[in-house]
Enquirer: 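Can you keep this structure in mind? I'll have questions shortly.
In what follows, every chain begins at residue 1, and chains take the letters A, B, ... in the order their sequences are listed. A quick note: this is a predicted structure, and the numbers were derived from the prediction, not measured.
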Amino acid sequence: DDRELLVFAAASVQGALDAAVAAYASSGGEPVHVSYAGSSTLARQIEQGAEADIFISANIDWMDYLQDRELIRPSTRTILVGNALVLIAPVASETRIAIAPGFDLAGALGDGRLAMGDPDHVPAGIYGREALGYYGAWQAVRNRLARAGNVRAALALVSRGEAPLGIVYRSDAVADAGVRVVDTFPATSHSPIVYPLAVIASSTHPATESLTAFLQSAQISWLFARHGFSPRR
Amino acid sequence: MKLEVDVTRNLGAFRLDARLDCEDGLLALFGRSGAGKTSLINTIAGLLRPDRGRIAVGGEVLFDSKSRIDVPKHRRRVGYVFQEPRLFPHLSVRRNLLYGRRFCPAAERYVELDRVLELLGLGVLLERRPGLLSGGEKQRVAIGRALLASPRILLMDEPLASLDAERKEEIFPYIERLRYESRVPIVYVSHAIAEVTRLATTVALMADGRITACGPVGEIMSRPDPRGPGRHEAGAVFDALVTGHDEAFALTHLNFAGGELRVPLLDMPKGSAIRVRIRARDVIVSILPPAGLSTLNIFRGEIMQLVEGDGTSAELRIGLGDAFLLASVTRKSVADLQLEPGRDVFALVKSVAFDDRSEDGRRALPRAPEADS
Amino acid sequence: MKLEVDVTRNLGAFRLDARLDCEDGLLALFGRSGAGKTSLINTIAGLLRPDRGRIAVGGEVLFDSKSRIDVPKHRRRVGYVFQEPRLFPHLSVRRNLLYGRRFCPAAERYVELDRVLELLGLGVLLERRPGLLSGGEKQRVAIGRALLASPRILLMDEPLASLDAERKEEIFPYIERLRYESRVPIVYVSHAIAEVTRLATTVALMADGRITACGPVGEIMSRPDPRGPGRHEAGAVFDALVTGHDEAFALTHLNFAGGELRVPLLDMPKGSAIRVRIRARDVIVSILPPAGLSTLNIFRGEIMQLVEGDGTSAELRIGLGDAFLLASVTRKSVADLQLEPGRDVFALVKSVAFDDRSEDGRRALPRAPEADS
Amino acid sequence: MPELTPIELEALRLSLRVGLWGVALSLPVAVPLAVLLARREFPGKQLLNGLVYLPLILPPVATGYVLLLMLGRRGPIGAWLEDSFGLVLAFRWTGAAVAAAVMGFPLMVRAIRLSVEAIDPRIEVAAGTLGAGAAWVFLTVTLPLAIPGIIAGTILSFARGVGEFGATITFVSNIPGETRTLPIAIHTFLQVPGGEAAALRLTVLAIVLSMLAIIASEVVARRLHRRLQGHEA
Amino acid sequence: MPELTPIELEALRLSLRVGLWGVALSLPVAVPLAVLLARREFPGKQLLNGLVYLPLILPPVATGYVLLLMLGRRGPIGAWLEDSFGLVLAFRWTGAAVAAAVMGFPLMVRAIRLSVEAIDPRIEVAAGTLGAGAAWVFLTVTLPLAIPGIIAGTILSFARGVGEFGATITFVSNIPGETRTLPIAIHTFLQVPGGEAAALRLTVLAIVLSMLAIIASEVVARRLHRRLQGHEA
Ligand SMILES: Nc1ncnc2c1ncn2[C@@H]1O[C@H](COP(=O)(O)OP(=O)(O)OP(=O)(O)O)[C@@H](O)[C@H]1O
Ligand SMILES: Nc1ncnc2c1ncn2[C@@H]1O[C@H](COP(=O)(O)OP(=O)(O)OP(=O)(O)O)[C@@H](O)[C@H]1O
Ligand SMILES: [Mg+2]
Ligand SMILES: [Mg+2]
């Protein structure tokens, strides 16, 4: 099989993963192709026989989904990186608010909406709902949401000033000069934000192991950190 | 009302270069297929823009390249009956007919729907759609539609070609009335010369995009020219007056410059004027005073001109006082009877040999047509 | 080749219910607008499916509701010239013309492109597209297209209505030759009765969807029936033989059952058969032996029938041995000359009063038409 | 199929409203534009024609992004609309209708244009000689004869509007009861493991809705067609 | 615009290939289907007609999912294709072409159908009386006269195919060099912080590509139109 190594990765890790893959190549590794899409899309494609070698999901659910169907090798499953949830505002905005129990998020929104991933299905949105619920702010804002199709869209809404506040991953916020981090949600307020990695059951590519090892190696953890991800736990 | 046209226009390999000037009445435009008849009337209607020239109807300038006048087609008030019906497929016959009415100021309307329905036998078709009409039915609707717009000039491009003889007979009188009563000039394109000459004031012959001859109907039609308009139709045309009626035998007496004519009964008062055409082929020449013949109309005259080719027939022009008749006879008769200019002869015209349709046309009111199936 | 039609079909309020039986030759179908002529020939072409009935051409059954035969239209080998040209807008004139050729086995082709081009004056139009042709040009192409498919039966729905007289004159001979030489039956729909009777073997009159009369042309056209086909066109039709030529005067001598006729020179050998029509309106009656007249053809006969209405004219049937002539005279002449059945009279027929076009048709080869502009 | 849940009903009602308004918004622009493109030559025609196709060419998300930039509350047109008429499009169903209109626009214009091109201009000329000015000819001849294309265009555009996802979610987000149309709801369900059954129900609903619209339009079009072209043979 | 990067070139070439193949795949099916719908009445016609519109109505993601289920390597048709012909669609550019074909199909059928409906059936009847059987009439009369619709349909469908995102990424994923067409590349760039500039370049590229196709088709169509309808007035 002279096929190149193919990684299926959640779109939200793209910036960091691209850099990591480039580093892998320059350190003598084989060329790697990465297909970025939503975790659900990728999981279903793997279910339908996609010839991918490695899956990096943006949440645990879709990794579990594949594991239940014996489509990944459980022994290879690991957490690649973690992430944090932040409250953002447009750079120009004056808003100051600290995340604390009962904090007045609705008041800070004024007549605007809170941009976040759709809490019904977008992972960032699901975490966001948990965190807001944890601080008792959810009821007040649940009808004031701008539910974006993915976390990047939520970021864009804030960056363009369409929404006065938003909830996104730290990895998204750090890269956008149009937004400012107002505060970070403590990790205790929501389920752990982790990006599980596993080798696909059907993968036969000889370089799979070398790549997974490289991605988990300490020598590139700084690279993930620079993109806003937290080191794996 | 006067029609003045002087236009040139290049159309690919074809060049239209036509000049026309005609008074009031009906201009018959003849010419073979491809001569440019449609192109010419398209310039009058504003559908084909001349490269240069001038067009005026009743003194009103519709187009003038010099003074840059070009009245848009919808303001020209031109009633155009096209060569193909061009009905509105989505409208009922009624709404097709009434389409142009609203654009004519009420004061200038000279025809009403009922009249047109009756005339064209369209009553039973009123609620139908054009799609299922027969060819003739469609063309009748198209004529009605143009009439109902009460146009200032009527352009008819072979409108009756697909109509049967009876229907033509019914429509003609109406066209003729238009010409006499409403003073609407009519330009009538036709292939069938007989069809129109009885109505025409002026005849124009067209060939290769040019008007080759144009003049009063009597003059053009009387030319003993074998290449002229339809050899079989050549004849003398003159105006006559109704002097009386013979009801018993259903005859009407007419007076013209050459004498008295007896023709089938006309529904016209004494003193009415009428146009009569006697075709050359319907005239028999005798060198002796005829007797015992069924022919009612016999004139004494003098041979004024003899045109003889090498074919079977020769054309004679026979002077009758101020008028003249044309006669077509065999060359053998010319020889046998020693016919030659200067010789006195008798011209026999069968009364029923008159183009009796020309008189129908003078009925004061058109007949109601029979209902159409 | 025989054409048998017996069909009924309901079309909305209109009902087609026609029966026809005719031998070899040309069937002229007359009827006013909306009579159902197009519908009838559509059933022959396979475009309109009869509710019941039978259609056969030359013994080959094209449709039979009983035995459930319904030959599809493209296998009927019917040459149809439609009322409107229906040309293929995306093909050049040449490719329009040649469209049907491939479907005819080479052995059965009886006409070639060059012949049709020459005949219809289409040479200069060959590479044009239909969009810019004049009305008459389009119809000529449509006729050529149907001919070039070498059909077994030719259906022509008023094909010449939009052609000028000269063009008609040029096309007619060809249609006639088809009728004589290729034994292709032709059904020819027309409004202009004169146009076709000289070609017709059989004439069918149609009204309200039914065939009201059908028979040999002589019989139908000779009926002294004022409601018959075009009063003006009624006349006697008979067959004659060419007995000689008088080249000096460009005359041909014919012999028919009633005597000898002199007509314009025909390009036909002695002994040829020809059909002659003498219209009632072209016959003059004399009770004295005529003298000094330009009329070449004078027959002695006996009045056999007198049909007199209360109009201007009366119709006479004059027996000449085995043949007869029809004459139309004024009622006044009937009274003045005491015309009545049994009386001996002279019938005068102007030689040029013959429908001389009927002889053109017999030329061995059609003339080359003048090139079209 | 058991009874519709309130969520489904809401999505259905909303989709219908968005689809109909989308069509209503685009028709008055599409018809004259289609006639212009069908019948006139003018400088810049090719450019205009290309512009019309843009929403078809661009990834819907990009179109949605452009709409957000232009018609959002901070966008030049959006701000003006809000200031002048108090009309807000972003995060409202009205915005979803605009997105539907924009996405269906090329389809509508093309269909109408085809129909107009097929009208024999000689019939319009005949109307002109009868005295009708250009506007009247358009209203009484061109427009009625273009009905087949108008119906086809409307239905294509309606179907496109009802099925629109990418531009809609980007422009107006995914707000239950306000902008969560059927496709957005379907998409939402497809993102969560196990959501297939719910997505399928909604899909069937979308299909039924559009089928009904299509069949109704067919019936109307066929009647018109019969009335217009009573060719006997 | 500076020179194209290899990535851009690749996406452009791929999009072009996918768009052209998509059109090539759908034309042979769309034309007969459009004629069938335009000219015949048969039981189930409404159903068939509705089916044709399906890809327009469904959210593209759902269509992509259906394609994945049917034509994927585990799908009934996909497995058969692979076993019988060794033809793999899923995760290949061929699958992207199929997705483009399917998504553009309703547009193509509708445009062709409109054109066919505008052909005067009496001209076809005339061809029939000249001896041409149904197939020959179709080839020599109907088809050439329907060219305006075929061109319009092809271009609509091509543009739709080139702009297709949702169905494509769902069906064939986002594999660089294989299935990463222009819109998918645009989407991918939009997911990376700071990727807007690159996305914009690609967007311009997509626009230029489609515009060129549209303008070319216009020119062809206009020439044909002139040749066909030489109405003088
Ligand atoms: N736009 C055009 N371009 C090139 N040639 C044209 C154009 N319009 C007309 N012609 C040609 O000009 C000539 C005159 O056409 P026109 O339609 O005026 O003839 P017509 O006298 O009306 O003939 P018909 O009696 O057959 O209707 C024809 O040979 C025609 O083919
Ligand atoms: N499909 C149809 N449904 C209803 N009426 C029809 C249909 N087809 C024809 N007719 C009617 O049947 C009658 C006969 O039509 P047809 O076309 O056969 O007449 P035609 O004798 O050819 O007339 P024309 O000389 O005017 O062409 C007309 O009154 C026409 O309106
Ligand atoms: Mg003409
Ligand atoms: Mg007819």
Enquirer: Do Asp282(B) and Asp282(C) have side chains that get closer than 4.5 Å, going by heavy atoms?
Expert: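 In short, these two side chains touch, coming nearer than 4.5 Å.
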
Enquirer: Side chain from CB out, backbone as N, CA, C, O: work out which of these in Ala248(B) comes under 4.5 Å of a heavy atom of chain C, or both, or neither.
Expert: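 Interface part for Ala248(B): backbone (N, CA, C, O).
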
Enquirer: Between Gly34(C) and Ser134(B), which heavy-atom pair has the shortest distance, and what is it?
Expert: N-OG, 3.6 Å

Enquirer: Which residues pass the salt bridge (charged side-chain N to carboxylate O under 4.0 Å, His left out) test with Glu127(B), not counting sequence neighbours?
Expert: Arg94(B)

Enquirer: Does atom CZ of Arg210(C) have more than 12 heavy-atom neighbours, drawn from other residues, nucleotides or ligands, at distances under 6.0 Å?
Expert: no

Enquirer: Is Asp246(C) in contact with chain B via its backbone, its side chain, both, or neither, using a 4.5 Å heavy-atom distance?
Expert: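 Just the side chain, heavy atoms under 4.5 Å.
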
Enquirer: Under the side-chain contact (heavy atoms from CB on, under 4.5 Å) criterion, do Glu84(C) and Glu84(B) qualify, and how do the steps go?
Expert: CA-CA 8 Å; Glu84(C) 61 284 331; Glu84(B) 62 285 329; over 6 Å; no

Enquirer: Calculate, to the nearest 0.5 Å, the distance between atoms CG and CG belonging to Leu11(B) and Leu132(C) respectively.
Expert: 8.5 Å

Enquirer: For Ser286(B), which residues count as a side-chain contact (heavy atoms from CB on, under 4.5 Å) partner, sequence neighbours excluded?
Expert: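 By the side-chain contact (heavy atoms from CB on, under 4.5 Å) rule, Ser286(B) matches Leu288(B), Pro290(B), Phe346(B), Leu348(B), Leu293(C).
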
Enquirer: Could you pull out the closest heavy-atom pair between Gly136(B) and Gln83(C), with the gap in Å?
Expert: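 Shortest heavy-atom contact: N-NE2, 4.4 Å.
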
Enquirer: Below 4.5 Å, heavy atoms only, C-beta onward: do Ser294(C) and Leu337(B) meet side chain to side chain?
Expert: yes

Enquirer: Which pair of heavy atoms, one from Arg331(C) and one from Ala250(B), lies closest together, and at what distance?
Expert: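 Reported closest heavy-atom pair: NH1-CB, 4.3 Å.
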
Enquirer: List the atom of Arg140(B), the atom of Ser33(C), and the distance in Å for their closest heavy-atom pair.
Expert: NH2-OG, 3.2 Å

Enquirer: Taking atom CG of Asp336(B) and atom CZ of Phe249(C), what is their separation to the nearest 0.5 Å?
Expert: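 Spacing of CG (Asp336(B)) from CZ (Phe249(C)) equals 6.0 Å.
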
